[in-house]
Amino acid sequence: MAEKVVSKIINEADAKAKELVASARTQAERIAKQASHESARIAQQAKEASAKRASEEKQRVLSSANLDIRKAMLEKKQELMDEAFQKAITRLRQKNKKEYVDLIKELLLKSVETGTEDVIVGTADKDIIDSKVISAVNKKLGRKGNLTLSKTFGSMAGGFILRRGKIDTNLSFDGLIELAREGLETEVAKILFEE
């Protein structure tokens with residue numbers, strides 16, 4: 001009978017051990033599945049975060065490149081506009097002598113305030129805008145005409161400066177073009193860069 005009791009205890013212990021092993025296996029499989037799902041989820045999150053960082057970096061590089069392109073285009077447009085305005089000055093300088101003198105006379109007549117101003121011309125114009133030109137303008141001004149040709153010369157490319165006391169009125173071609181440029185830049189840009 002002791003044998004039966006021992007056999008029964010062994011059988012019960014064996015069944016309990018098998019039950020514990022089966023339960024442990026089930027639990028291990030469940031934990032393994034959870035770990036597998038969790039590692040897949042973490043891997044997916046890492047992949048998404050990496051893709052997001054890559055996309056953000058790509059966007060940053062593209063934005064920077066676009067900014068550089070716009071800056072280069074703006075610089076080139078500015079360069080072309082400078083060239084266009086410089087060509088305007090060159091064209092003014094290339095007028096034949098009579099047209100040039102007529103232009104200067106017209107500018108003088110429109111610009112004189114008191115008629116007692118000094119007219120400062122550039123060294124390039126000293127043989128063109130001379131005392132004869134000033135006398136002709138004074139004649140047209142009538143009693144108001146008392147302009148004098150300055151003995152000092154300016155460094156302008158064309159045109160003149162009217163000096164009245166300490167006040168200078170810059171009517172050099174550079175000055176006139178710069179003045180006109182402010183109002184004309186938008187219009188010139190439309191013509192040059194029609195998009």
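These numbers come from a predicted model, not from an experiment. Numbering of residues begins at 1 and proceeds along the displayed sequence.
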N/O donor-acceptor pairs under 3.5 Å from side chains in residues 157-164, not counting sequence neighbours:
residue: Arg163; atom: NE; partner: Asp168; partner atom: OD1; Å: 2.7
residue: Arg163; atom: NH2; partner: Asp168; partner atom: OD2; Å: 3.0
residue: Arg164; atom: NH2; partner: Glu113; partner atom: OE1; Å: 3.3

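- Side-chain contact between Val101 and Ile128: present, with at least one pair of heavy atoms (C-beta onward) separated by less than 4.5 Å.
- As a member of the Ile/Leu/Val/Met/Phe/Trp/Tyr network built from side-chain separations under 4.5 Å, Leu67 groups with nothing else and remains a singleton.
- For the side chain to side chain donor-acceptor pair (under 3.5 Å) test, residues two or more places apart in sequence or in another chain that qualify with Glu57 are Arg60.
- For the 3.5 Å distance criterion, the side chains of Ser172 and Asn170 qualify, holding a donor opposite an acceptor.
- Hydrophobic clustering (ILVMFWY, side-chain heavy atoms < 4.5 Å, transitive): Met156 and Ile177 are in distinct clusters.
- Side chain of Ser63 to backbone of Gln59: a donor-acceptor contact under 3.5 angstrom is found.
- Evaluation of the side chain to side chain donor-acceptor pair (under 3.5 Å) rule for Lys98 yields Asp102 as partners, not counting sequence neighbours.
- Nearest heavy atom pair, residue Asn138 against residue Leu147, reads OD1-N, 2.7 Å.
- Between Glu79 and Lys76 there is a salt bridge, since a side-chain N of the basic residue sits under 4.0 Å from a carboxylate O of the acidic one.
- Shown here is Arg91, whose CZ atom has no more than 12 heavy atoms of other residues, nucleotides or ligands within 6.0 Å.
- Contact annotation: the side chain of Leu108 approaches that of Ile134 to within less than 4.5 Å [non-hydrogen atoms, C-beta and beyond].
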Trace of the side chain to side chain contact (heavy atoms under 4.5 Å, CB included) decision for Leu109 with Leu141: CA-CA 7 Å; Leu109 289 168; Leu141 288 171; 3.8 Å; yes
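- Between Gln34 and Glu38 there is no side-chain heavy-atom pair separated by less than 4.5 Å.
- When the side chain to side chain contact (heavy atoms under 4.5 Å, CB included) test is applied to Gln44, the partners found at least two apart in sequence or on another chain are Lys47, Glu48.
- Across all their heavy atoms, Ile129 and Leu149 have their closest contact at O-CD2, 3.8 Å.
- When hydrophobic clusters are built by joining Ile, Leu, Val, Met, Phe, Trp and Tyr residues whose side-chain heavy atoms come closer than 4.5 Å, directly or via intermediates, Val121 is grouped together with Val112.
- The nearest pair of heavy atoms linking Leu176 to Leu107 is CD1-CD1, 3.9 Å.
- With salt bridges taken as basic N to acidic carboxylate O contacts below 4.0 Å, none links Glu29 and Lys33.
- Identified under the salt bridge (charged side-chain N to carboxylate O under 4.0 Å, His left out) test for residues 118-146, with sequence neighbours left out: Arg93-Asp125.
- Of the inter-residue distances, the one linking Asp82 atom CG with Glu75 atom CD reads 11.5 Å to the nearest 0.5 angstrom.
- Val133 and Lys105 get closest at one heavy-atom pair: CG1-CG, 4.0 Å.
- Residues Ile120 and Leu179 do not share a hydrophobic cluster, clusters being chains of Ile/Leu/Val/Met/Phe/Trp/Tyr side chains in contact below 4.5 Å.
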